*Asks:* 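Okay, here's the structure, questions in a sec.
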Amino acid sequence: MNNLWDGVKGIVKKDDLILVLVKHDGTLDLPGGRVENEETIQLALRREISEETGLRVEINDPVEQWSFYKASDRLINGITFECSYLGGNVNLSHEHKHYFWAEKDSLDSLNFN
């Protein structure tokens, strides 16, 4: 398949809270996106988190691998990493309309797409 993309997502932790982003259609999201050519996974995630939120983070351990079809011919394989907040204030990009900090224990009850 020539339409295979690599993706990354980050679980950003700050003071036992997790950053949750809200898309314009109301669905919940974690910061992340596509790994560009010549980027490492960690560099891509650091870039995506900075672009989408303005935050600086440390990339820690991977916590989950996943894949899905974004279109009938576009498969995205990805990995989610735990990330530690290092600094900055949340400044959302055009991709999200809102954000909130959720308790870590509530993540399982949230409906991520």
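The first residue of the sequence shown is numbered 1, and numbering continues consecutively from there. Keep in mind that what you see is a predicted model, and the values were worked out from it rather than measured.
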*Asks:* With the side chain counted from C-beta on, respond yes when V22 and T27 share a heavy-atom pair under 4.5 Å apart, and no when they do not.
*Replies:*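 No, too far: nothing below the 4.5 Å cut-off.
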*Asks:* Taking E52 for its side chain and G32 for its backbone only, find out whether a donor-acceptor pair lies under 3.5 Å.
*Replies:*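 Looks like yes, one N/O pair under 3.5 Å.
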*Asks:* Nearest 0.5 Å, please: how far is OG in S84 from CZ in R56?
*Replies:*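 The CZ atom of R56 sits 13.5 Å away from the OG atom of S84.
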*Asks:* Less than 4.5 Å apart, any side-chain heavy atom of K9 and any of D29?
*Replies:*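 They are in contact (side-chain heavy atoms under 4.5 Å apart), so the answer is yes.
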*Asks:* Please report the interatomic distance CZ(R34) to CD(E36), rounded to the nearest 0.5 Å.
*Replies:*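 The CD atom of E36 is 5.5 Å from CZ of R34, to the nearest 0.5 Å.
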*Asks:* Picking from V8, V35, I59, N60, what satisfies side chain to side chain contact (heavy atoms under 4.5 Å, CB included) with Q42?
*Replies:*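 Going through the options one by one, the only one that passes is I59.
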*Asks:* Knowing that exactly one of I18, I49, I11, L30 qualifies, which makes a side chain to side chain contact (heavy atoms under 4.5 Å, CB included) with C83?
*Replies:*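 Among I18, I49, I11, L30, the one meeting side chain to side chain contact (heavy atoms under 4.5 Å, CB included) with C83 is I49.
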*Asks:* Would you mind checking if R47 and E39 are paired as a salt bridge, meaning a charged N to carboxylate O distance below 4.0 Å?
*Replies:*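 Salt bridge: yes.
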*Asks:* Got a donor-acceptor contact below 3.5 angstrom from the D15 side chain to the L17 backbone?
*Replies:*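 Not a single qualifying donor-acceptor pair exists.
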*Asks:* I need the L55 CG to Y99 OH distance, nearest 0.5 Å.
*Replies:*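 Here the rounded value is 8.5 Å.
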*Asks:* Could you walk me through whether K13 and E82 pass the salt bridge (charged side-chain N to carboxylate O under 4.0 Å, His left out) check?
*Replies:* CA-CA 7 Å; K13 296 172 79 176; E82 190 173 283; 3.8 Å; yes
*Asks:* For a quick test of reading the model, state the closest non-hydrogen atom pair linking G7 to I76 and the distance between them.
*Replies:*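 Heavy-atom minimum between the residues: N-CG2, 4.2 Å.
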*Asks:* Is there a donor-acceptor pair under 3.5 Å between the side chain of H24 and the backbone N or O of H94?
*Replies:*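 Yes: the side chain of H24 pairs with the backbone of H94.
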*Asks:* To the nearest 0.5 Å, what is the distance between CG (L45) and OG (S50)?
*Replies:*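 OG of S50 is found 11.0 Å from CG of L45.
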*Asks:* Hydrophobic clustering (ILVMFWY, side-chain heavy atoms < 4.5 Å, transitive) - are V12 and V90 grouped together?
*Replies:*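 Same cluster: V90 reaches V12 through Ile, Leu, Val, Met, Phe, Trp or Tyr contacts under 4.5 Å.
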*Asks:* Can you tell me how far the OG atom of S93 sits from the CG atom of L21, to the nearest 0.5 Å?
*Replies:*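 CG of L21 is found 8.0 Å from OG of S93.
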*Asks:* Do the side chains of L92 and W101 join up, straight or via other hydrophobic residues, at under 4.5 Å, putting them in one cluster?
*Replies:*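 In one cluster: yes.
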*Asks:* To the nearest 0.5 Å, how far apart are CH2 in W66 and CD1 in I79?
*Replies:*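 These two atoms lie 9.5 Å from each other.
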*Asks:* Do D61 and F81 make a side-chain contact, defined as non-hydrogen atoms from C-beta onward lying under 4.5 Å apart?
*Replies:*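 A side-chain contact under 4.5 Å is absent here.
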*Asks:* Would you please say whether a donor-acceptor pair under 3.5 Å links the side chains of T53 and N91?
*Replies:*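 Note: T53 and N91 side chains miss the donor-acceptor criterion.
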